[in-house]
Amino acid sequence: MTRRRHVAAAIYFATIWSIPAIAQTCRDADLLVRNGHIITMDQDKPIATAMAVRDGKILAVGETRELAACANQRTQSLDLQGRTVLPGLIDVHTHAMEWVKSILRGEIDTGYPAVRSIEEIQAAVGHRAAAAPPGQWIIGSGWDDAKLAEKRYITRRDLDAVSPDHPVYLKHVSGHLAAVNGVALRLANITRESVDPPGGVIERDAHGEPTGILKDTATNLITPLLPKDPPDIDLSAAKLISAKAAEVGLTTIHDIFLSPAEMRGYQDAHRNGWLKVRVQMSPRLASIADAETLAQMGVHTGFGDEMLKFGAAKMFADGGMGARTIAIYPPGVIGEPDNLGVLRWRPADMQKAHLVAAAAGWQLETHAIGDRAIDEVLDSYAAVIQRLGLKDHRFRIVHAGISTPAVQKRIRELNVVIDGNPPFLYWIGSWFSKYGPERVRWSYPARSYIQNGIIEAAGSDVPVTPLNPWWGIWAAVVRRELDSGQVLAPEERISVQQALALYTRNGAFAGFEENFKGSLKPGKLADFVVVDRDVLAVPADELCDVQVLQTFLGGDKVYDRASDAQSQ
Ligand SMILES: [Zn+2]
């Protein structure tokens with residue numbers, strides 16, 4: 001061989017070997033995304049400019065020049081012109097079905113910012129009552145006393161004044177209480193003699209008369225009396241959820257505490273090809289009988305497919321901050337020193353229900369906001385983990401609102417995952433103050449979780465806060481409360497990158513899906529969003545204004561802001 005041929009051969013082989021493995025395996029892409037600013041959330045390659053997709057999965061992530069080889073004549077090309085791409089966002093805690101059904105039912109929107117005072121709510125209820133046949137229920141949802149000018153609960157008197165003949169039922173934004181009027185109390189036989197149901201409170205005035213406020217399980221005295229939904233409402237709801245999720249960049253949601261009808265709604269929507277968001281369905285675990293039913297079905301967490309599957313079984317341990325029913329250690333709520341909240345379960349029963357469900361293969365997730373409730377749940381989890389010898393259980397505490405250092409230490413030791421709610425800080429942060437500054441310090445402590453090696457995923461808890469995950473990402477970074485503008489526990493602020501992790505990688509982990517979701521990496525599902533600004537570079541206060549331009553699910557475009565704008 002001549003020297004020149006040696007050189008040529010060396011160049012040839014050098015070229016072959018320098019072509020990254022990408023080009024050799026990356027062929028016949030269905031979609032090639034080019035010239036982007038792709039934030040992958042993958043530590044091995046955090047930023048890229050191009051991504052190739054085939055059969056709904058990511059084939060390669062790299063640079064525009066090197067991925068050109070992935071395309072053939074039929075490959076669709078998407079030139080991003082420098083725009084920012086992120087993995088599809090994951091919300092691990094929604095009540096999406098419940099929320100969109102309130103829209104489909106035409107309930108009065110009594111939430112902020114639609115309504116800002118009790119006076120306005122009275123006007124809306126009065127208006128509806130005037131047009132409705134006598135006896136017809138007037139139903140509304142979303143009110144929040146902290147955001148009403150009067151800063152108090154709505155009472156039966158407020159409602160009787162505008163609706164003396166129609167029963168009224170107004171759900172609080174927290175989902176933990178409702179205001180009803182005199183007609184509704186009469187229909188439900190709630191009088192001064194009525195006893196509080198277990199896990200609930202019939203609020204009374206100084207004379208012992210019901211005020212019209214029903215807390216937690218006391219709302220079950222009313223719900224059976226409400227009009228029945230049309231039979232296809234759950235199917236319509238599943239379809240509507242798809243549209244709402246795609247619009248804000250969510251490609252996976254966990255829908256929590258679902259009824260059998262709601263799960264059928266999702267299943268039918270999936271069969272019809274209407275689902276445009278991946279859903280983990282979390283069935284109710286409200287009794288030991290529920291646990292036994294789940295066990296008898298012979299399916300468990302993870303059953304389903306990439307679009308629709310069973311998630312964790314959901315239980316409530318305590319109430320809500322808005323209803324002042326979270327279970328705390330002394331001292332009590334400010335102004336109500338004896339109020340240490342409500343525990344919904346006897347510890348032995350909780351453990352039995354947890355054990356039966358977990359033994360049948362169900363991941364557990366339990367709502368616990370107060371530190372006393374969290375401790376009770378951790379006691380139960382510890383017993384179940386030990387009894388069943390579980391290694392990778394990923395049991396979850398939902399909210400963990402008041403997460404003191406003592407509580408965090410136990411969470412870490414038990415490898416429990418947190419379903420946190422950054423948007424609560426902004427939207428309902430004013431509720432926290434009723435629990436005193438020490439508890440505000442440990443409310444939703446995202447930075448401590450990271451420092452302590454605790455994995456936190458994030459959820460909107462819609463309808464408690466809006467579905468839009470950008471409110472949550474922003475709130476996790478700035479922690480500013482809506483009402484006062486005060487920054488709550490500034491030491492718990494986290495970076496944008498860390499906030500994005502809550503809604504991507506950590507959300508995937510919470511759902512046992514880290515091998516195919518949560519970052520943009522070869523082999524994972526091609527779920528991604530194109531947004532209107534570089535979220536890593538903009539001022540923190542702009543994060544809540546981020547607009548999603550396009551959402552892709554498995555490589556298919558399921559939302560396009562441009563065509564959305566045209567159709568409106
Ligand atoms: Zn919830």
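A quick note: this is a predicted structure, and the numbers were derived from the prediction, not measured. In what follows, every heavy atom counts, from backbone to side chain, and hydrogens, waters and symmetry copies are set aside. Along the sequence shown, residues carry numbers from 1. Atoms within each ligand, like the ligands themselves, are counted from 1 in listed order.
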*For the pair H367 and F316, name the ring-plane relationship: parallel under 30°, tilted 30 to 60°, perpendicular over 60°.*
tilted

*Can you say whether the rings of H95 and H93 are parallel (under 30°), tilted (30 to 60°) or perpendicular (over 60°)?*
perpendicular

*Only counting residues at least two apart or in another chain, list the ones meeting salt bridge (charged side-chain N to carboxylate O under 4.0 Å, His left out) with R439.*
none

*Can you list every pair that meets ring-ring contact (aromatic ring centres under 6.0 Å, His included) and has a residue in residues 482-503, with sequence neighbours left out?*
none

*Thinking salt bridges, do R105 and E107 make one under a 4.0 Å N-O criterion?*
yes

*side-chain hydrogen bond (donor to acceptor under 3.5 Å, both in side chains) pairs, two or more places apart, involving residues 212-221*: H176-D216, D216-T325, D216-R344

*asked:* I'd like to verify the contacts: list protein N, O or S atoms under a distance of 2.8 Å from the Zn ion (ligand 1).
replied: H93 NE2, H95 NE2, D461 OD1

